[in-house]
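Some notes on the structure that comes next.
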Amino acid sequence: MADILSANAVQGRAPGHLCQKGEILDLERLRHSTAHVMAAAVCRVFDGVQLDIGPSTSDGFYYDFDLAHRITPEDFPAIEAEMSRIIDADIPFERVEVSRQQAAEMLRGQTYKLERLADIPADASITFYRCGDFADLCRGPHLERTGQIKAFKLLSVAGSYYRGLETNPMLQRVYGTAAATPKELKAILKLQEEAKQRDHRRLGRELDLFSMQEDVGPGLIHWHPRGARIRCLIEDFWRQEHFRGGYEILYTPHIGRAGLWETSGHLGFYRESMYAAMEIDNAAYYLKPMNCPFHIQVYKSHKRSYRDLPLRWAELGTVYRYEKAGVLHGLLRVRGFTQDDAHIFCAPDQITGEIKRTLRFAISILRSFGFENISAYLSTRPAKAVGADENWADATAALEQALQELEMDYQVDAGGGAFYGPKVDLKIQDAIGREWQLSTVQFDFNMPERFDVTYTGADGQEHRPYMVHRALLGSLERFFGILVEHYKGAFPLWLAPEQVRVLPLTDMQLDYAQQVVDNLREAGVRTGLDATSGKIGAKIRGAQVQKIPYMLIIGPREADAGLVAVRSRAGGDEGPCTPDEFAARIRHEAVPQTAGDPAAARTDAAARA
RNA sequence: GCCAACGUAGCUCAGUCGGUAGAGCAGCGCAUUCGUAAUGCGCCGGUCGUCGGUUCGAUUCCGACCGUUGGCUCCA
């Protein structure tokens, strides 16, 4: 069983890109020290505080506490004021190395800290950092003095299980951030504000793209006409590229008998993510959480020869998975979604070529959506795994060789693969530098075994093919959410649901405007007409707010001369031209970023070779 | 699922120390016919998330539920 949509779960994180590389360490030190100051302040403001840990993060810091008082944002001013007092006092941070026994003595009554102490290996040194009357078990490093903290802010408070385990007590985590200067702090807060402006949930409502409905259920997406139009464009492009790239497309059912899911192993290992069975004619059927068993059924529908391989079968397959209520998040984490799934069945000697081809294909598709900054992660065999060692070695080598031949930088997550096979994940960076995992390419040594998938080799014997699962965009819902944030709702021309809006100056120009609209629509341009009676400024504003790429303004001058006055979303007034000239320009511009690009075509041809 | 906060018109929000609510935008109507980011006037619109409890009376207090939001392995 391959969960090719573990990507569904991964949230974007802003890397610490506000600073230069060499400064990252200093920033971590600053933030970690600020976390200590916050902990000291919380201990002063409230009684009976149990401390856990307080690390720096990619964009700030947090500290976990356990105390009777429920901390709310209303407590922040008091905590921040106390922090400021500690900073103004310019207290030194002192590193103190102690014996385990001394440490236990110093941590008396601090149950979490004592457990953390017990985690420290016997041969490691144990250090405390003392800052005035506050000392914390800590590896460091820290600033020299609290006075070096120039800018900080507490941001939020949230529950957090001790050690992240549901069975452990819930602690209170206070998040904050700190920067070298007030100006840099302002920049961080501004970035957060920018992220808020881009939030796909907000833009989804404002641009009328999609919604969730309480009457239907959480985590279930309704695509409105504008969002659905964009999805269609994505899907059309996706299908076209897949056919060009040597794939065939499958459609498979949404439910299947219990026996299928027994064989696949899903009922054994994945049951808690599946919805309860429904009974049909005295047999149990399950809604599909993955597509792979169905693709295997198609494979097994008749005998396969080595001459048939490789088989590349893709499907925009809608799956349903139970996700805990608290983890649902807009389009990024949902309960029903459509994977851009594919399964590749190939002979062992074909794997390197197939992997290379798949990665190249993935990169080409991602670039088409404006993602240029792509990084790769290779996950290798975990301790517990199925499949022969030599298969793992082959597959891992194929992944690695492909990455090297494509000259891709990649990080290795040793032992990070699934029990059924190694994988490569691709992450992209969006317009404001946040990283998102989209593509995943996973070997599966489990499923072919379970379903006894074979092909007849040249030797007349039955052989086990390699099976690769891959998703490029992950889920269409999640990918769409990321795209909305990446483009801030201002979709490029080829994806814009309404590419052009015609704005007559007065209704004297309505007839001519309608004629222009009809002609553009005839030419395949997605065109709208603003027939309201407001001033032209209001119509322009309406189109700008809806982020429509082009406006065609038609007053008496244009109507008389058979022209249109072009205004672009980004560039403003661009002057008049004829409707035909404009249509030609649109045709030229409304293409994916790499389509028609000779370099991309070469990549594609190479991939087919 | 767990912790916390929140839920008032389609959207963004105000308000009620318990006596059944208001604005802007959107929508609709009328007037306006205007040259590159908001024309004016009027109208419509809410069982104050749902259910139950306390009360003469609940949108307001209490409880349960539903939903939303921020988090829940970035290691002392």
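Computed from a prediction, not measured in an experiment: that's the story for all the values here. Note on naming: letters A, B, ... go to the chains in the order of the sequence lines (proteins, then strands), and numbering restarts at 1 for each one.
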Nearest-angstrom distance from the residue atom CZ of A:Arg335 to C1' of B:G67: 11 Å
If we take the C1' atom in both B:G49 and B:A58, what is their distance in whole Å? 15 Å
In whole angstrom, give me the gap between the P atoms of B:A26 and B:C75. 49 Å
From the options B:A37, B:C75, B:C2, select the nucleotide whose nearest atom is closest to the side chain of A:Met170. B:C2
Heavy-atom donor-acceptor pair, A:Arg163 side-chain to B:U73 base, under 3.5 Å: no
Testing B:G67, B:C75, B:C74 for proximity to the side chain of A:Pro218, the answer is B:G67
Lys NZ or Arg CZ of A:Arg31 over A:Phe61 ring: under 6.0 Å, within 45°: no
Between A:Tyr175 and B:C72, is there a contact of a side-chain N or O with OP1 or OP2 at under 4.0 Å? yes
So, do A:Asn519 and A:Pro579 sit near enough that their side-chain heavy atoms are less than 4.5 Å apart? no
Applying the 3.5 Å cut-off to both distances, the Watson-Crick or G-U partner of B:C48 turns out to be none
State, to 0.1 Å, how close A:Thr440 and A:Lys423 come at their nearest heavy-atom pair, and which atoms those are. OG1-CD, 4.1 Å
Whole-Å distance between B:U12 P and A:Leu203 CG? 13 Å
Under 3.5 Å, which protein N or O atoms sit close to an N or O of nucleotides 47-52 of chain B? Give each pair with its distance.
none

If you take atom types as modelled and just measure distance, does the side chain of A:Tyr161 reach the base of B:G1 with a donor-acceptor pair under 3.5 Å? yes
Stepwise, does the salt bridge (Lys or Arg N to Asp or Glu O under 4.0 Å) test hold for A:Asp136 with A:Lys113? CA-CA 9 Å; A:Asp136 196 1; A:Lys113 280 290 183 193; 2.7 Å; yes
Tell me whether the OP1 or OP2 atom of B:G70 has a side-chain N or O from A:His329 closer than 4.0 Å. yes
Short side-chain N/O contact from A:Tyr62 to OP1 or OP2 of B:C74, under 4.0 Å: yes
When rounded to the nearest 0.5 angstrom, what is the spacing between CG in A:Asp199 and CZ in A:Arg205? 8.5 Å
Strand partner of B:G35, provided both Watson-Crick or wobble distances fall under 3.5 Å: none
Looking at B:G42, which nucleotide sits across from it as a Watson-Crick or G-U wobble partner, both distances under 3.5 angstrom, or is there none? B:C28
For the side chain of A:Arg205, starting at C-beta, report the closest nucleotide among B:C72, B:U36, B:U12. B:U12
Between B:G1 and B:U16, how far apart are the C1' atoms? Round to whole Å, please. 36 Å
Member of A:Gln102, A:Glu97, A:Gln101 meeting the side chain to side chain donor-acceptor pair (under 3.5 Å) criterion with A:Ser99: A:Gln102
Pairing partner (Watson-Crick or G-U wobble, both distances under 3.5 angstrom) of B:U73: none
Here the pair of heavy atoms bringing A:Ile79 nearest to A:Val45 is CA-CG2, 4.4 Å
A:Gly555 vs A:Leu328, nearer the 5' end of RNA chain B by closest nucleotide: A:Gly555
Using atom CD of A:Gln546 as one end and atom P of B:A37 as the other, report the distance to the nearest whole Å. 17 Å
Under 3.5 Å for both donor-acceptor distances, Watson-Crick or wobble: does B:A23 have a partner, and if so which one? B:U12
Considering only B:C2, B:A37, B:G35, which nucleotide approaches the side chain of A:Gln544 most closely? B:A37
Tell me whether the count of non-hydrogen atoms from other residues, nucleotides or ligands lying under 6.0 Å of CG in A:Asp119 goes above 12. yes
When you check the phosphate oxygens OP1 and OP2 of B:G70, does a side-chain N or O of A:Arg173 lie under 4.0 Å from one of them? no
Can you find a side chain N or O atom of A:Arg541 that sits less than 4.0 Å from OP1 or OP2 on B:U39? no
May I ask which nucleotide in the shown strands pairs with B:G67, Watson-Crick or G-U wobble, both distances under 3.5 Å? B:C6
Mind calculating the distance between NZ (A:Lys324) and C1' (B:C3) to the nearest angstrom? 14 Å
Separation of the P atoms in B:G63 and B:G7, to the nearest angstrom: 16 Å
How would you label the contact of A:Thr72 with the nucleic acid (heavy atoms, under 4.0 Å): base, sugar-phosphate, or nothing? nothing
Less than 3.5 Å between a donor and an acceptor, one on the side chain of A:Glu558 and one on the base of B:G35, is that the case here? yes
Distance test, side-chain N/O of A:Arg139 to OP1/OP2 of B:C75, below 4.0 Å: no
For nucleotides B:U55 and B:G10, find the distance between their P atoms and express it as a whole number of Å. 34 Å
Between the protein and nucleotides 27-33 of chain B, which nitrogen or oxygen pairs are less than 3.5 angstrom apart?
from  : atom 1 : to       : atom 2 : distance (Å)
B:U32 : N3     : A:Ser533 : OG     : 3.4
B:U32 : O4     : A:Ser533 : OG     : 3.0
B:U33 : O2     : A:Asp507 : N      : 3.1
B:U33 : O2     : A:Asp507 : OD1    : 3.4
B:U33 : N3     : A:Asp507 : OD1    : 3.2
B:U33 : N3     : A:Asp507 : OD2    : 3.1
B:U33 : O4     : A:Asp507 : OD2    : 3.0

For A:Ile553, answer base if it contacts any base atom (sugar-phosphate contacts may also be present), sugar-phosphate if it contacts only those atoms, and nothing otherwise; contact means non-hydrogen atoms under 4.0 Å. base
Mind calculating the distance between CD (A:Glu166) and C1' (B:G1) to the nearest angstrom? 6 Å
Heavy atoms of other groups near A:Lys153 NZ, more than 12 under 6.0 Å: no
It should be established whether A:Arg201 places a side-chain nitrogen or oxygen under 4.0 Å from OP1 or OP2 of nucleotide B:U69. yes
Using atom P in both nucleotides, what's the gap between B:G22 and B:C30 to the nearest angstrom? 28 Å
Rounded to whole angstrom, note down the C1' distance from B:C74 over to B:C62. 41 Å
Distance in angstrom units between A:Ile540 CD1 and B:U36 C1', rounded: 3 Å
Is it true that atom CZ of A:Arg229 has more than 12 heavy atoms of other residues, nucleotides or ligands lying nearer than 6.0 Å? no
So which one's nearest nucleotide on RNA chain B is more toward 5', A:Ile554 or A:His36? A:Ile554
Could you give the distance separating B:G24 and B:U20 at their P atoms, to the nearest angstrom? 23 Å
To the nearest angstrom, how far is A:Arg333 atom CZ from B:C72 atom P? 12 Å
Once you round to the nearest 0.5 Å, how far does CD of A:Glu184 lie from OG1 of A:Thr177? 10.5 Å
Correct closest heavy-atom pair for A:Leu520 and A:Ala583 would be CD2-CB, 3.9 Å
Could you measure the distance from the CG atom of A:Asp413 to the CG atom of A:Asp425? Nearest 0.5 Å is fine. 9.0 Å
For the student: nearest non-hydrogen atoms of A:Val517 and A:Gly528, plus distance: CG2-O, 4.1 Å
Please name the nucleotide paired to B:G18 by Watson-Crick or G-U wobble geometry with both distances under 3.5 Å, or report none. none
What's the closest nucleotide to the A:Ile53 side chain, out of B:C72, B:C75, B:G35? B:C75
